[in-house]
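Notes for the one structure printed next.
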Amino acid sequence: MRESELDVEDVPQAAATGEVPETARIDDLLAAAHDRARVHTEGTVADYIPILAEADPEAFGVCVADVDGGLHEVGQTRRTFSIQSISKAFVYALVCGQLGHQEVFDTVGVNNTGLPFNSVIAVELNDGHPMNPMVNAGAIATTALVPGATATERWEFIRAGLSRFAGRDLTIDDEVYRSEMATNGRNTAIAELLASYGRIRSDPDEAVDIYTRQCAVSIDARDLAVMGATLADGGVNPVTGVRVVSATVCRDTLAVLAASGLYERSGEWLFEIGLPGKSGVSGGLVTVAPGKVGIGAYAPRLDSAGNSVRGQIATAYLSRALGLNIFASAPHTNQENPG
Ligand code: DON
């Protein structure tokens, strides 16, 4: 989205100082971000997975989790929804933790496709290479790398890992899983195509099944904030104190999110918000300010690329007002006003 669509033209960009913003400022600015985004009714709720069309278009919650474990919440932060594509970021981190930087880099890649998240053409254009783990092809290829002797063990690796990121036991929303499995022709085709190029070695049907399960995991905006804060905190969940992944895995995952977390809109997002983030088609959005906070937002109306509109507006406000944008510096010495 453009600056004018994000409704932040009048919000001065605070420089990123490296300091975690003060608690009182987070609370005030979070309320202001929510107020500003709430009036926006642009966008449409996803309906290509039938059950998603039943979401309340007005639902809206935002949570900021800081690296000290503090939670700041406004709106419907406890309304549950399916994690969808946001799972891609965290499963990627879990798989990198097991297989290491280089193997996942070679198998899945880190470059943006410039095409929609479920593009088949992107796979064809790149000799069957999935290109990055945030599009469906790359996410299915990543899920196919999950360790375990059986499908049950591989699924449990994902469910337990996502739960460690959230700091609570997460479960599947069965209705969402069944609704997506019944309309999953495109992902099945992508997996078969990857297998035909030798890009996934496990059973493609199993990879799609586990990928669909991971997308159906039920979470809320508070969970997203804590999951994001774990990536902001060098891999340690700041609420539970449990190490989930290494600091190196966090660094790699955030770099991938910066390049492709919002699909073909990732450049626009980085230009306006200046932070790694990941969106999901049910309306979730997680954003990470490294060393500072995780932001979780939920609002089901999406832009044409599949990214939450209110989520983006609220996050853009917070990025500017809290000085989170990683590219926003100020002169170390004020040359313009010496003394
Ligand atoms: O595979 C799919 O199409 C969905 N399970 C996830 C897509 C998604 O969340 C894209 N996000 N904007």
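For ligands, and for the atoms within them, numbers begin at 1 and follow the listed sequence.
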Under 3.5 Å, which donor-acceptor pairs do the side chains of residues 133-141 form with other protein atoms, sequence neighbours left out?
from: N136; atom 1: OD1; to: K88; atom 2: NZ; distance (Å): 2.6
from: N136; atom 1: OD1; to: Y211; atom 2: OH; distance (Å): 3.2
from: N136; atom 1: ND2; to: N187; atom 2: OD1; distance (Å): 3.0

### Task
Could you tell me whether R36 sits above the aromatic face of Y317, with NZ or CZ closer than 6.0 angstrom to the six-membered ring centre and within 45 degrees of the axis?
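Not flagged: R36 not positioned over aromatic ring of Y317.
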
Please set out all donor-acceptor pairs under 3.5 angstrom arising from side-chain atoms of residues 238-245, sequence neighbours excluded.
from: T240; atom 1: OG1; to: V242; atom 2: N; distance (Å): 3.2
from: R243; atom 1: NH1; to: G234; atom 2: O; distance (Å): 2.8
from: R243; atom 1: NH1; to: V245; atom 2: O; distance (Å): 2.8

#### Entry: Nearest heavy atoms of I83 and Q214, plus distance in Å
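Answer, listing the atom of I83 first, then Q214: CG2-O, 3.1 Å.
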
Just list the N/O pairs, ligand 1 to protein, that are under 3.5 Å apart, with the distance for each.
from: ligand 1; atom 1: 1 (O); to: N136; atom 2: ND2; distance (Å): 3.1
from: ligand 1; atom 1: 1 (O); to: E180; atom 2: OE2; distance (Å): 3.2
from: ligand 1; atom 1: 1 (O); to: N187; atom 2: ND2; distance (Å): 2.9
from: ligand 1; atom 1: 1 (O); to: Y211; atom 2: OH; distance (Å): 2.6
from: ligand 1; atom 1: 3 (O); to: Y48; atom 2: OH; distance (Å): 2.5
from: ligand 1; atom 1: 3 (O); to: N136; atom 2: ND2; distance (Å): 3.3
from: ligand 1; atom 1: 5 (N); to: Q84; atom 2: OE1; distance (Å): 2.6
from: ligand 1; atom 1: 5 (N); to: E180; atom 2: OE1; distance (Å): 3.0
from: ligand 1; atom 1: 5 (N); to: E180; atom 2: OE2; distance (Å): 2.6
from: ligand 1; atom 1: 9 (O); to: S85; atom 2: N; distance (Å): 3.0
from: ligand 1; atom 1: 9 (O); to: S85; atom 2: OG; distance (Å): 2.7
from: ligand 1; atom 1: 9 (O); to: V281; atom 2: N; distance (Å): 2.8
from: ligand 1; atom 1: 11 (N); to: S85; atom 2: OG; distance (Å): 3.4
from: ligand 1; atom 1: 11 (N); to: Y263; atom 2: OH; distance (Å): 3.0
from: ligand 1; atom 1: 11 (N); to: V281; atom 2: N; distance (Å): 3.2
from: ligand 1; atom 1: 12 (N); to: Y263; atom 2: OH; distance (Å): 3.4
from: ligand 1; atom 1: 12 (N); to: V281; atom 2: N; distance (Å): 3.4
from: ligand 1; atom 1: 12 (N); to: G306; atom 2: O; distance (Å): 2.9

### Query
Between F117 and Y263, what is the ring plane arrangement, given parallel below 30°, perpendicular above 60°, and tilted in between?
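Judged by the thresholds at 30° and 60°, the geometry between F117 and Y263 is tilted.
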
### Task
Could you list the residues that satisfy salt bridge (Lys or Arg N to Asp or Glu O under 4.0 Å) with R265, not counting sequence neighbours?
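Scan of R265 (salt bridge (Lys or Arg N to Asp or Glu O under 4.0 Å), adjacent residues dropped) gives E268, D303.
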
